[in-house]
There are 2 protein chains.
Amino acid sequence: MLKEISIGEAAKRSGVKVPTIRYYEQIGLLAAPARTDGNRRHYEDTDIRRLAFIRHARELGFEIDSIRTLLHLQDDPNQPCETADGIANARLIEVEQRIRSLNALKAELELMVEGCRHGRVAECRVIEILADHGKCAHAQH
Amino acid sequence: MLKEISIGEAAKRSGVKVPTIRYYEQIGLLAAPARTDGNRRHYEDTDIRRLAFIRHARELGFEIDSIRTLLHLQDDPNQPCETADGIANARLIEVEQRIRSLNALKAELELMVEGCRHGRVAECRVIEILADHGKCAHAQH
DNA sequence: GCTACATGCTCTAGTGACTAGAGGAGCAAG
DNA sequence: CTTGCTCCTCTAGTCACTAGAGCATGTAGC
């Protein structure tokens with residue numbers, strides 16, 4: 001007889017924390033699994049794969065709603081993959097924008113930190129730049 | 001007699017939205033201003049500068065608690081500026097890490113999107129990579 | 001003075017994606 | 001049989017706002 005996968009075991013195998021698994025069940029991202037006599041959840045291998053899929057997508061910054069769509073697509077392999085492609089593409093554009101904006105922030109933070117002469121707050125470059133946006137180096141923010 | 005600055009005017013001048021200004025007052029980030037006879041807030045120029053400071057810091061991704069500390073420092077210009085420097089430095093390190101991680105994500109998303117042949121979901125690279133972390137290009141995530 | 005309409009007020013609840021904690025039950029090992 | 005771990009449900013908290021209800025006040029045109 002196969003050993004049943006407890007929620008703790010599922011967490012270990014998928015890398016998704018126990019309360020998060022329960023949360024995903026609650027919001028309907030993961031189907032409610034069967035229960036043991038003692039009312040404990042037990043999972044199948046397919047659930048573990050689904051959890052790993054979700055975790056990976058979350059790491060890539062996809063929103064729960066996008067993941068919901070991606071999971072539906074995965075369940076129906078004959079559909080054209082334009083929707084999946086579109087979601088990934090949208091996310092790629094987001095990430096590119098975020099990188100650009102973070103690079104601008106980085107430049108400005110470097111200016112602050114380098115300009116700081118470790119003296120008094122009165123002549124601190126960090127405080128000064130924060131107080132006056134005009135002192136920013138053309139940062140796109 | 002000077003024209004009093006209403007909350008709407010303060011919002012325009014500082015770039016912080018009206019409900020957000022009230023929120024900052026509520027959490028004690030901005031001192032409660034004086035009120036008119038009709039119980040409306042009216043602000044001074046110093047409040048506007050403080051709001052602009054907060055807005056700029058928020059744009060740079062500083063947390064409210066850090067901003068609280070930075071504001072205290074600004075109020076006391078004789079203090080050494082190490083704390084401010086430390087906060088900015090911590091934020092810089094965060095931003096640098098975030099950029100690295102986003103670059104890894106970008107690479108992976110590009111792989112997905114480029115690999116997609118616009119066919120069926122069954123052979124879609126997007127879904128495939130999401131389902132199997134092992135297919136990632138050594139991404140640090 | 002009257003009528004719109006904008007702007008202000010307070011208060012509560014909602015967002016996203018979890019996370020923390022209370023209070024209890026089940027289960028395996030020593 | 002007791003210890004200690006994992007599990008259960010439920011509620012509330014996190015962060016930094018944002019949205020909306022329901023009302024009061026202020027202002028511009030007539």
Side-chain angles (χ1 to χ4, degrees), chain A residues 1 3-30 32-43 47 50-71 87 90-91 94 98 141, chain B residues 1 3-30 32-43 47 50-71 87 90-91 94 98 141:
Chain A
M1 186 178 168
K3 190 155 179 295
E4 284 167 350
I5 304 171
S6 71
I7 194 165
E9 184 62 24
K12 252 178 245 160
R13 291 200 206 171
S14 67
V16 180
K17 286 186 215 150
V18 170
T20 306
I21 295 177
R22 283 196 280 249
Y23 168 71
Y24 286 160
E25 180 183 326
Q26 190 193 304
I27 61 166
L29 199 60
L30 191 74
R35 300 279 184 135
T36 64
D37 291 350
N39 196 34
R40 304 190 161 197
R41 291 166 179 84
H42 69 269
Y43 294 91
D47 297 315
R50 215 169 171 86
L51 279 169
F53 184 101
I54 296 169
R55 189 189 130 222
H56 193 190
R58 286 294 301 137
E59 279 172 355
L60 289 169
F62 290 98
E63 289 169 10
I64 297 284
D65 258 13
S66 302
I67 297 175
R68 212 183 286 274
T69 307
L70 290 169
L71 283 169
I87 291 171
R91 179 71 192 134
E94 258 176 52
R98 190 95 185 98
H141 64 261
Chain B
M1 184 180 167
K3 191 156 178 295
E4 285 166 348
I5 304 171
S6 71
I7 195 167
E9 183 62 25
K12 253 179 243 160
R13 291 202 206 170
S14 66
V16 179
K17 286 185 215 152
V18 169
T20 307
I21 295 177
R22 283 196 280 249
Y23 168 71
Y24 287 160
E25 179 183 327
Q26 191 193 302
I27 62 167
L29 199 61
L30 190 74
R35 301 277 184 137
T36 64
D37 290 350
N39 195 35
R40 302 188 163 199
R41 292 166 177 85
H42 69 269
Y43 295 91
D47 297 315
R50 215 171 171 85
L51 279 169
F53 184 102
I54 297 170
R55 190 189 129 220
H56 194 189
R58 286 293 302 136
E59 279 171 356
L60 289 169
F62 290 97
E63 288 171 10
I64 297 284
D65 258 13
S66 302
I67 297 175
R68 213 184 285 274
T69 308
L70 290 169
L71 283 169
I87 291 172
R91 179 70 193 134
E94 257 176 53
R98 191 92 186 101
H141 65 259

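The figures that follow rest on heavy atoms only: side chains count, while hydrogens, waters and symmetry mates do not. It should be emphasised that the depicted structure is a prediction, and the values quoted were computed from it without experimental measurement. Proteins get letters first, then strands, A, B, ... in listed order; numbering begins at 1 in each.
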Any donor-acceptor pair under 3.5 Å linking the side chain of Arg40(A) with the backbone of Ser6(A)?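 Pair absent, no side-chain N/O of Arg40(A) close to backbone of Ser6(A).
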
Hey, does the side chain of Arg55(A) reach the backbone of Ser14(A) with a donor-acceptor pair shorter than 3.5 angstrom?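 Indeed, once roles are kept as given, a pair shorter than 3.5 Å links the two residues.
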
Please give, in whole Å, the distance from [N] [atom2] to [X] [atom1]?
{"X": "Arg35(B)", "N": "dT25(D)", "atom1": "CZ", "atom2": "C1'", "result": "13 Å"}
{"X": "Ile67(B)", "N": "dC15(D)", "atom1": "CD1", "atom2": "P", "result": "13 Å"}
{"X": "Ile21(A)", "N": "dT9(D)", "atom1": "CD1", "atom2": "C1'", "result": "17 Å"}
{"X": "Ile27(B)", "N": "dC15(D)", "atom1": "CD1", "atom2": "P", "result": "10 Å"}
{"X": "Ile7(B)", "N": "dT10(C)", "atom1": "CD1", "atom2": "P", "result": "9 Å"}
{"X": "Ile5(A)", "N": "dC7(D)", "atom1": "CD1", "atom2": "P", "result": "12 Å"}

Take nucleotides 15-30 of chain C nucleotide by nucleotide from the 5' end and write B, S or -, depending on whether a protein heavy atom sits under 4.0 Å from the base, only from the sugar-phosphate, or from neither. --BBS-----BBS---

Would you give the length of the straight line joining atom CZ of Phe62(A) to atom CZ of Arg68(A), rounded to the nearest 0.5 angstrom?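 If I round to the nearest 0.5 Å, the distance is 16.0 Å.
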
Rounded to the nearest 0.5 Å, what separation is found between the CD1 atom of Ile27(B) and the CD1 atom of Ile64(B)?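 Nearest 0.5 Å value for the CD1-CD1 distance: 4.5 Å.
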
I'd like to know if Glu9(A) and Arg13(A) make a salt bridge, using a cut-off of under 4.0 Å between side-chain N and carboxylate O.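 So Glu9(A) pairs with Arg13(A) through a salt bridge.
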
Is any side-chain heavy atom of His42(A) less than 4.5 Å from a side-chain heavy atom of Arg35(A)? no

Quick check on dC8(D): is either OP1 or OP2 less than 4.0 Å from any side-chain nitrogen or oxygen of Arg41(A)? yes

Just to confirm, is there a sub-4.0 Å distance from OP1 or OP2 of dC9(C) to any side-chain nitrogen or oxygen of Arg22(B)?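 For dC9(C), OP1 or OP2 has a side-chain N or O of Arg22(B) closer than 4.0 Å.
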
